[in-house]
Number of protein chains: 4
Amino acid sequence: MARPEASPPRRPRGGSGSSQAGAFLSGASSIPTTTRGRRTRAALINAAREVFEELGFRDARISDIAKRAGTSYGVFYHYFDSKESVLDELFTSVTGDMYNASQARSKSDGDVVDKIRASNRQYLVVAARNAQLIAMIEELAYRDPQFRELKLRIREPFLLRNEAGIRRLQEQGLADPNLDAAMAASMLGGMIEHFTLLWFFHGVPYDEELAVETLTRLWAQAIGMRLDESGRLVQGAR
Amino acid sequence: MARPEASPPRRPRGGSGSSQAGAFLSGASSIPTTTRGRRTRAALINAAREVFEELGFRDARISDIAKRAGTSYGVFYHYFDSKESVLDELFTSVTGDMYNASQARSKSDGDVVDKIRASNRQYLVVAARNAQLIAMIEELAYRDPQFRELKLRIREPFLLRNEAGIRRLQEQGLADPNLDAAMAASMLGGMIEHFTLLWFFHGVPYDEELAVETLTRLWAQAIGMRLDESGRLVQGAR
Amino acid sequence: MARPEASPPRRPRGGSGSSQAGAFLSGASSIPTTTRGRRTRAALINAAREVFEELGFRDARISDIAKRAGTSYGVFYHYFDSKESVLDELFTSVTGDMYNASQARSKSDGDVVDKIRASNRQYLVVAARNAQLIAMIEELAYRDPQFRELKLRIREPFLLRNEAGIRRLQEQGLADPNLDAAMAASMLGGMIEHFTLLWFFHGVPYDEELAVETLTRLWAQAIGMRLDESGRLVQGAR
Amino acid sequence: MARPEASPPRRPRGGSGSSQAGAFLSGASSIPTTTRGRRTRAALINAAREVFEELGFRDARISDIAKRAGTSYGVFYHYFDSKESVLDELFTSVTGDMYNASQARSKSDGDVVDKIRASNRQYLVVAARNAQLIAMIEELAYRDPQFRELKLRIREPFLLRNEAGIRRLQEQGLADPNLDAAMAASMLGGMIEHFTLLWFFHGVPYDEELAVETLTRLWAQAIGMRLDESGRLVQGAR
DNA sequence: AATGAATGAGCTTTCATTCAT
DNA sequence: GATGAATGAAAGCTCATTCAT
């Protein structure tokens, strides 16, 4: 017999089912109308970000967030349904930031390698900026399909961009035609992802310039280019 | 939801127990003298592995493990101090397995690329075999310095091996001398790590042959080799 | 989007779904194996009955029950899933008692009216004995379909018995043939139910003998019999 | 589930607030002077009725009522002291309606049975109209002496009327003189009460005509009359 | 050696009510 | 008059761990 809930301990009350557009998780979070309300809500989101980064999502208690925001824990429920729903808001900003980074065109009018270098450098910048939150998503992705999808969704635009880039270079005769562009994009993308996490989140120390150069050289050579000792494309090497 | 965790000696939040000198994580676990005792202990470890893989470390309850092992949860404390201490045992086997893999010399008498290919293939095998537990370590590493170290310790022999390999190839004039061997080893190692996790744990589907070939080609070319369309080293290309 | 439960705050864990045979509500309650366990469990049920009767189901807190039973509230969850599940046990005994009463045949070899009188008297006895719990079911029935059904299920055997009785008397020419037996049984049964609740639960004072006599006279005459001043059937009056 | 109820002046458990002299339950509620105020107040009462009927008194939240009334929950406290005090207003109307019904004289110039029939039919009408609220009172009466009294007070005029009726019929030689009029009135009144609740609130389906006829026949015969197959009084049968 | 009963800290969530705006 | 933000007591429930048997 299914759990019958004799005198139902919790009324469902429609609410939380209706999702906001673009909300990743539950997202049933009321938007305050007054200035004071807006300020409090913002304080909560901010506090949540800090607490999540310090303690991790699972170890973060609502009361930690509320305390950090300087409110009672009651207000939290005024603005959010649950921990999950603040997370939403946070993710919206990260995914947005990451997406923009994935779309950005380098303005450098250098050669192909310069473009790769610029792109790597840029990834490093956003990755550093969002390391904590990305690490959190990674962590949660290990147990929660919802977050696994989010993780994959975040990396997708980078993948597509990389794949397109490789394909274009292959067509131009600049990249190894024997490479499966999608697979290579996934692997090389993973290389950078993994590396930035190691560096920015796990605290393994690396030298920035060396990192950018090595990343760029590995990437470029992996797809079939040849770089001279100063990191410039050896023309006609392919 | 109620925070699980115990009552009296309440663990400080996020920590995984204070580690002792000898064992990796927490307290020593008594080694039983009788046959029956040994069997029970083994059953618990086995059960723990299964439960951890299914539920994750944090969500696994002692009672889950005990139930799976077919014992009462009282016995658990006969053999182990805490959840952390069973984990120890489990990790001993993974780290051992991984270490062996990192040391294995390929018997192939093919060329350098064949060696790289064999090595990659072998990594894929152990990674697939230990994916669940490795993922667990990864997950825990996000919050627990203890596990972060473990994670780094596991990857270290691979790193060293790769670094030595690259260096040797550089000396032989087969690999790009402009590459920082340590950095490259870390990045390329990360590429494989990341990829196997995606594949074996997160369930992203890949074709095995294509994966091995692409991995090998990327790796070899990244460090400066040149491969022909059938994946064989183009002699004298450097 | 449905509530996704980012990192699920509560694992379902099959358990509670499988119901015991005959359990009304959830009923997932472990049966202890040791004497001590059995004693504790019994103490909890007893305490629950008392607390429910004093405070009502909804106002009763788990901690009230535990305190009354002289245990920590933790044990409660050792034996029961929830408040609902103790209720189960309690109901099993009431419904059993009531059912038996409904089936009991009076041993009096008096006339029809004596049988009705005996039956009424007996109902009064069980109703008095179970007044608190019946009232509780009534109360809960106002809001919970589950309890509404229970309420109806408890009254059903009485209804059927009464209906059969009336029908038999109609066939024997002793009861008014113009009466719909089922409807009459329901109404007259309700009369007694309502009356006992008023008396035993709401505390409206009545004289027992007068009550039995009046109940019997009303009932008997309602279905078409005629009673003389001493409550005996006036033969051939129909 | 968390107990709702307020924080600072926390109501003693089970109670419904200490009642004031004048009003039935709790505090006086200010009567607004402006039109707008009166409209808001009326909207609140209306909303309260709906919400109470849907959710029951205990499960209804102030915010539910306010939302339904289209106001903020702040205003609620402008007009009412508490949930109990809106209830007051609602009950005033029910009790009024019920009382009127109890006093109504049937205009039919038929015989006694017609009068009983008319009276029953009329009770059915008001009972149907007020079923939700009456059920609510019943429910609350199980736990709250305040409501128990209200419940008894509502039924009282019916009781008195019935008792007087029976007594009159006894004097006229139409009703069984061996019946205690008060007791019979209470029991027979309870029969109808109980029946209407079953029908109108608990949703047990009955045929209206059959119900009226059976009710009337049972009632009339119970007090000693005799009815023919078409429901007319058999003259001189007593 | 094994069992499983008992403990209780700690977290979540609800919602009546107050009060600044 | 009206608004809605803020408060916080209180109860539910979980599960690591202890310990009597």
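Below, all heavy atoms of this structure are taken into account, side chains as well, without hydrogens, waters or symmetry copies. In what follows, chains carry the letters A, B, and so on, assigned in the order in which the sequence lines appear, proteins first and then strands, with residues in each chain numbered from 1. Note that the structure is a prediction, hence the values are computed from the model and not measured.
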Query raised in the report: With a 4.0 Å cut-off on heavy atoms, is A:Thr34 in touch with a base, just the backbone sugar-phosphate, or nothing at all?
Result: sugar-phosphate
Nearest-Å distance for atom pair [atom1]/[atom2], residues [X] and [N]:
{"X": "A:Arg39", "N": "E:dA20", "atom1": "CZ", "atom2": "C1'", "value": "13 Å"}
{"X": "A:Phe80", "N": "E:dT12", "atom1": "CZ", "atom2": "P", "value": "15 Å"}
{"X": "D:Leu44", "N": "E:dA16", "atom1": "CG", "atom2": "C1'", "value": "15 Å"}
{"X": "C:Asp64", "N": "F:dA10", "atom1": "CG", "atom2": "P", "value": "13 Å"}
{"X": "C:Asp59", "N": "F:dA10", "atom1": "CG", "atom2": "P", "value": "14 Å"}
{"X": "B:Phe76", "N": "F:dT18", "atom1": "CZ", "atom2": "C1'", "value": "14 Å"}
{"X": "D:Arg58", "N": "F:dA11", "atom1": "CZ", "atom2": "P", "value": "13 Å"}
{"X": "C:Lys67", "N": "E:dA6", "atom1": "NZ", "atom2": "C1'", "value": "18 Å"}

Selection from [options] that lies nearest to any side-chain heavy atom of [X]:
{"X": "B:Ile62", "options": "E:dA2, E:dT17, F:dT17", "value": "F:dT17"}
{"X": "B:Tyr73", "options": "F:dG1, E:dT7, E:dG4", "value": "E:dG4"}
{"X": "B:Tyr77", "options": "F:dT18, E:dA2, F:dC13", "value": "F:dT18"}

Query raised in the report: Taking only residues two or more places apart in sequence or in another chain, which ones pass ring pair (Phe, Tyr, Trp, His ring centres under 6.0 Å) with B:Phe52?
Result: B:Phe57
Pair [X] + [Y]: basic N to acidic O under 4.0 Å:
{"X": "C:Arg41", "Y": "C:Glu89", "answer": "yes"}
{"X": "C:Lys83", "Y": "C:Asp64", "answer": "no"}
{"X": "B:Arg68", "Y": "B:Glu54", "answer": "yes"}

Requested in this report: Please check the phosphate of E:dC15 (OP1 and OP2 only) for any side-chain N or O of D:Arg61 closer than 4.0 Å.
Outcome: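 So the side-chain polar atoms of D:Arg61 do come within 4.0 Å of the phosphate oxygens OP1 or OP2 of E:dC15, strictly under.
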Query raised in the report: Think D:Thr40 has a side-chain N or O under 4.0 angstrom from the OP1 or OP2 of F:dA2?
Result: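 For D:Thr40, the contact criterion (side-chain N or O under 4.0 Å from OP1 or OP2 of F:dA2) is met.
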**Report entry** 5' priority, DNA chain F, between D:Thr71 and A:Ser72 [closest heavy atom]
**Finding:** D:Thr71
**Report entry** First of C:Gly74 and A:Gly70 reached from the 5' end of DNA chain F, by closest nucleotide
**Finding:** A:Gly70
Report task. Could you say whether A:Arg36 or D:Ser63 is positioned toward the 5' end of DNA chain E, judged by the nucleotide with the nearest heavy atom to each? Result -> D:Ser63
Requested in this report: Report the residue from D:Leu87, D:Val86, D:Asp88, D:Ile65 that forms a side chain to side chain contact (heavy atoms under 4.5 Å, CB included) with D:Phe80.
Outcome: D:Val86
Query - Ranges pairing with ranges for DNA chain F, where each run has three or more Watson-Crick or G-U pairs under 3.5 Å - result: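 The stems that DNA chain F takes part in, listed by first number, are E:2-21 with F:2-21.
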Requested in this report: Confirm from the modelled atom types if B:His78 and E:dA2 form a donor-acceptor pair under 3.5 Å, side chain to base only.
Outcome: yes
